[in-house]
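Just below is one structure, and these are the notes that go with it.
Just so it is clear, the values below take in all heavy atoms, side chains as well, and ignore hydrogens, waters and symmetry mates.
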Amino acid sequence: FKSRDDSSAIDIVASGTCGAEGDNLKWTLDKDGVLTISGKGAMADFGSAMPQPWESYNTQIKTIVIENGAATIGYGAFAGCTGLSAVTIPDSVTSIGMSAFANCSSLTHVTIPSGVTSIGNADNGVCNAFIRCSSLTAIDADPQNQSFTSKDGVLYDKAMETLLICPGGKAGELVIPDGVKAVAAYAVVICGKLTGIKLPDSMTTIGFHAFESCAGLTQLTIPESVTSIGFCAFAYCDKLKEIEFCHSAKAALKFEGVQNLSPNAFYSDIVATIETTITVPDADNINPTISGYDWANDQRAVTYKSQES
């Protein structure tokens, strides 16, 4: 005769601890691929120095259930769980570590609960905990969350002034709403299904690596309001061949790092030079920030043309 508890124990494939203080958090993985985190307090951070305790089962994990009481999701906690399709995050969680869900290529949707106040690394402005989640089409924030909000599946700060994370599986044109002033570092990185990006006239800052490896992007218009384009902001966008700057020669451009666009802002390492058309208000009187940029270093052969009147 086997009790219910005995039967449940047989379903458990593996178990252990994962808390920042050791056994304050525990985990179990059952035969159906459900990884359950239980207990109270902070989760440990994981990486090369401290591998995930469930790392050898990453491809078997299909669902993650974090029970109420857990306070944080650690750095790299579930990175590489390629079979993960669903995750439940409770309101008790206040922070989600950098790369917590990186390379979870089967994950399709995430809801940021009301209690989360921090995602990623606030010290360097990198928020994206979901890099290389190629099937992720929506990141929604609980309406009661006081730090984050979402629109069309894209995550912003509560004031809707900074785009923080665009899900890697989002397709078509990304239209950033009026009022948004900045795109955070790595916010739209490796969004290969995007075919267009519309930046609002309120935009001033494009962070480093912000749109890197958006492989489907072919055309880009940068409004005159933009004053900062970070390092490798559009790097490896190898199909991007038409760039329009709305900055006149008289516009005051102060790009970060140097007195011009940050180095490698449009970089590519493909062997063939990318023939790129740069549209400006007046091709005979080009803003020196744009004309002085080292386009050849980015593997681009540039032709300037004037905007149509």
Asp157: side-chain hydrogen bond (donor to acceptor under 3.5 Å, both in side chains) partners, not counting sequence neighbours: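 Residues passing side-chain hydrogen bond (donor to acceptor under 3.5 Å, both in side chains) with Asp157: none at all.
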
Which atom pair, heavy atoms only, marks the closest approach of [X] to [Y]?
X: Pro53; Y: Cys18; result: CG-CB, 4.2 Å
X: Val183; Y: Ile176; result: CG2-CD1, 4.1 Å
X: Ala77; Y: Phe46; result: CA-CD1, 3.7 Å
X: Gly80; Y: Cys104; result: N-SG, 4.5 Å
X: Ala44; Y: Met50; result: CB-CE, 3.9 Å

Derivation of the side-chain contact (heavy atoms from CB on, under 4.5 Å) call for Val188 and Leu174: CA-CA 10 Å; Val188 198; Leu174 172 63; 4.1 Å; yes

Can a donor-acceptor pair be found, under 3.5 Å and without considering hydrogens, that links the side chain of [X] to the backbone of [Y]?
X: Ser225; Y: Met203; result: yes
X: Thr289; Y: Asn287; result: no
X: Ser95; Y: Thr72; result: no
X: Asn128; Y: Tyr186; result: yes
X: Lys198; Y: Pro177; result: no
X: Ser85; Y: Ser106; result: no
X: Tyr293; Y: Asn264; result: yes
X: Ser92; Y: Gly69; result: yes
X: Arg300; Y: Phe266; result: yes
X: Ser99; Y: Gly76; result: no

Pair Ile37-Met43, side-chain contact (heavy atoms from CB on, under 4.5 Å): steps then yes or no: CA-CA 9 Å; Ile37 310 292; Met43 185 183 294; 4.1 Å; yes

Side-chain polar contacts of residues 137-148 - donor-acceptor pairs under 3.5 angstrom, sequence neighbours left out - could you list them?
| unit_1 | atom_1 | unit_2 | atom_2 | d |
| --- | --- | --- | --- | --- |
| Thr137 | OG1 | Thr108 | O | 3.4 |
| Asp140 | OD2 | His109 | NE2 | 2.8 |
| Asp142 | OD1 | Gln144 | N | 2.7 |
| Asn145 | OD1 | Ser147 | N | 2.7 |
| Asn145 | OD1 | Phe148 | N | 2.8 |
| Asn145 | ND2 | Pro113 | O | 2.7 |
| Asn145 | ND2 | Ser114 | O | 3.4 |
| Asn145 | ND2 | Val116 | O | 2.9 |
| Gln146 | NE2 | Gln144 | O | 3.0 |

Chi angles and distances behind the side-chain contact (heavy atoms from CB on, under 4.5 Å) call for Ser15, Leu29: CA-CA 6 Å; Ser15 63; Leu29 177 66; over 6 Å; no

Residues Glu275 and Thr273: side-chain donor-acceptor under 3.5 angstrom: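 Their side chains do not contain a donor-acceptor pair, so the 3.5 Å distance test is not met.
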
Candidate list Trp54, Tyr57, Phe130, test ring-ring contact (aromatic ring centres under 6.0 Å, His included), partner Phe78, passing option: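 Running ring-ring contact (aromatic ring centres under 6.0 Å, His included) over Trp54, Tyr57, Phe130 with Phe78 returns exactly one hit, Trp54.
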
Derivation of the side chain to side chain donor-acceptor pair (under 3.5 Å) call for Ser268 and Asp238: CA-CA 6 Å; Ser268 174; Asp238 295 341; 2.7 Å; yes

Side chain to side chain donor-acceptor pair (under 3.5 Å) between Gln52 and Asn58, intermediate numbers included: CA-CA 9 Å; Gln52 307 152 328; Asn58 271 359; 3.0 Å; yes

Ring-ring centroid check Tyr267 Trp295, cutoff 6.0 Å: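 Centroid distance Tyr267-Trp295: not below 6.0 Å, so no.
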
Side chains of Lys170 and Val154 in contact at under 4.5 Å (non-hydrogen atoms):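 Of all side-chain heavy-atom pairs linking Val154 with Lys170, at least one is under 4.5 Å.
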
Interatomic spacing from CD1 in Ile243 to CG in Leu220 - rounded to 0.5 Å: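 Those atoms lie 6.5 Å apart.
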
Stepwise side chain to side chain donor-acceptor pair (under 3.5 Å) check, Tyr75 with Asn121: CA-CA 9 Å; Tyr75 179 103; Asn121 189 337; over 6 Å; no

